[in-house]
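See structure below.
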Number of protein chains: 2
Amino acid sequence: MTEWLTEREQASWRNFIMSVHDLMAALEADLAPHGITMGDYEVLVWLSEADEQRMRMCDLAGALQLSPSGLTRRLDGMVRQGWVQRASCSSDRRVAWAQLTDTGLQKMQQVAPAHVASVRRHVLDPLGPKGVDQLGALFGRVRDHLQALPTA
Amino acid sequence: MTEWLTEREQASWRNFIMSVHDLMAALEADLAPHGITMGDYEVLVWLSEADEQRMRMCDLAGALQLSPSGLTRRLDGMVRQGWVQRASCSSDRRVAWAQLTDTGLQKMQQVAPAHVASVRRHVLDPLGPKGVDQLGALFGRVRDHLQALPTA
DNA sequence: GGCGAATAGTTGCAGACACAACTATTTCGT
DNA sequence: ACGAAATAGTTGTGTCTGCAACTATTCGCC
C-alpha cells in the first residue's frame, strides 16, 4: 500500500518491461527473413490447431487478442497471400469462417521450426527448465488475477 | 534442439505471451482516466530522474526503446501539453534537450501513485515478494542473453 | 410471431510507430 | 587542417491497430 516501489520491485519491473520489447523485436527479426510476421504466423498456428482448421472471426480475434477490425485487415493480407480463405457459415449467416488453406498450412510447417528455435534461443534456453516453469507459473497468476476483474 | 516445444514449454510460453497483452492493456486503462498514456508517463519518469531533469533526444529514445522519429513525435505531443520543452545544447548543436517542465513534473507526481497502485494490483501483489524477485531474475537472464547478440 | 437487444463482421477514420531520406553538426584519420 | 564517416534530429511515407459507426443476422422476451 506504499506510494512507491521498493528498489527491488522497481528493478524487477523494469527488467521485465524493457526485456519484453527487445524480446518481441528479436523474435520478429528472426521470423522476418522467412517472409512472415509474428502476427500472421500466430493466425496460422491457431487455425492449424482448430477443428477443420478453421475458426469464426470473432473467436480468432479473441484468441489473438485483436480487435474485430484488426483481424479483418490482418486476414485481408493473409487472403491476398493465399494462406487463408473466407467462407460463409450455413447455420449462422453472420459469421465468416477463416479457413486455413493448404498453402497456409505448408507455410506454417515451413516456418515453425525457425520460430521454435528462436523462442528456444532467446527464452527457453537462457531460463532453463526450472525458469520456464517459473515463467509459466508467474504469468498464470497474473493472468488469473486479470481475468478476475475484466472491467474494473 | 527438438523441432517442437514440450507441453510444459508451450503452456508457459503461451501464458506469458497472452498475459503481456492483457497486462499492458490493464495498466493503460488504469492510467487513461488520469489523462495520460503509459508512453507519455514513461517519458515523464525518465526525465524526472535525469540530471537537471533533461535528456538528449537520442538517449531518451534509447531509454524508451523508441525510434528517433517515434520520440520526435511523442515529444511533439508532450510539448503541446506543456509537459516538456525542447532546448538546444550549447556544446553540441546537433543535440536537442528534452527538458521536463514544472507542469510536467507536477503531472507526473499527480499520476504516479495511480500507476504504482496499478502495477501493484496487477503484478506485484499477485506474484508476492518471491514472485517479484523471480520475475526480475528471469528477465534479467533474458535481457543479458539478448544483449550478448544484438545484431545476430 | 414480432420487436428490441445482442452478436458478427466490415469500413471510415485517427493515432502511434518504424524505416528511409534528408539536413546539420561533430569527430576522426591522415 | 581537410574531407570522409559518424552522429543527432526531423520529416515523408506506409503499416498496423483500435474505436465508432454501420449493416446484417440471430436471439430472447412479451
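Chain letters run A, B, ... following the sequence lines, proteins first, then strands; residues in each count from 1. Just so you know, these numbers use all the heavy atoms, side chains as well, and skip hydrogens, waters and symmetry mates.
- For A:R93, the salt bridge (Lys or Arg N to Asp or Glu O under 4.0 Å) test picks out no residue, with sequence neighbours left out.
- Atom C1' of nucleotide D:dC16 and atom CG of A:L75 are separated by 15 Å, given to the nearest angstrom.
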Seminar exercise, completed: B/S/- along nucleotides 4-12 of chain D (protein heavy atoms under 4.0 Å) is --BBSSBBB

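- Contacts of residues 14-28 of chain B with DNA chain C (heavy atom under 4.0 Å): none.
- A:D125 is linked by a side chain to side chain donor-acceptor pair (under 3.5 Å) to nothing, counting only residues two or more places apart in sequence or in another chain.
- If you chain together hydrophobic residues whose side chains sit under 4.5 Å apart, B:L47 and B:V95 never meet in one group.
- Checked by atom type and distance alone, the side chain of A:Q99 pairs as donor or acceptor with a backbone atom of A:Q53 at under 3.5 Å.
- For the side-chain contact (heavy atoms from CB on, under 4.5 Å) test, residues two or more places apart in sequence or in another chain that qualify with B:Q109 are B:L105.
- Take B:D22 and apply the side chain to side chain donor-acceptor pair (under 3.5 Å) test, not counting sequence neighbours, and it matches A:Q65, A:R143.
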For this session: Mind running side-chain contact (heavy atoms from CB on, under 4.5 Å) on B:L100 and B:L44 for me, showing each step along the way?
Result: CA-CA 7 Å; B:L100 189 62; B:L44 296 183; 3.6 Å; yes

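- Non-hydrogen atoms lying under 4.0 Å from DNA chain D are contributed by nothing in residues 36-51 of chain A.
- Summary for the helix from C:dG1-D:dC30 to C:dT30-D:dA1: the axes at its two ends, each from 5 pairs, differ by 30° when rounded to the nearest 10 degrees.
- Formation of a donor-acceptor pair under 3.5 Å by the B:S12 side chain with backbone atoms of A:V132 is found in this model.
- Under the rule for a ring pair (Phe, Tyr, Trp, His ring centres under 6.0 Å), B:W46 has no partner lying at least two apart in sequence or in another chain.
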Can you give each donor-acceptor pair under 3.5 Å made by side-chain atoms of residues 110-119 of chain A, sequence neighbours left out, with the distance rounded to 0.1 Å?
unit_1	atom_1	unit_2	atom_2	d
A:S118	OG	A:D30	OD2	2.6

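- Here A:R74 reaches the OP1 or OP2 of D:dT17: one of its side-chain N or O atoms lies under 4.0 Å away.
- A single hydrophobic cluster is not seen to contain both A:V43 and A:W97; linkage of ILVMFWY side chains at heavy-atom distances under 4.5 Å, directly or through other members, places them apart.
- Here A:Q85 pairs with nothing under the side chain to side chain donor-acceptor pair (under 3.5 Å) rule; sequence neighbours left out.
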Please list, one pair per line, the donor and acceptor atoms closer than 3.5 Å that link side chains of residues 71-82 of chain A to other protein atoms, with sequence neighbours excluded.
unit_1	atom_1	unit_2	atom_2	d
A:T72	OG1	A:P68	O	3.2
A:R74	NH1	A:G39	O	3.3
A:D76	OD1	A:R86	NH2	2.2

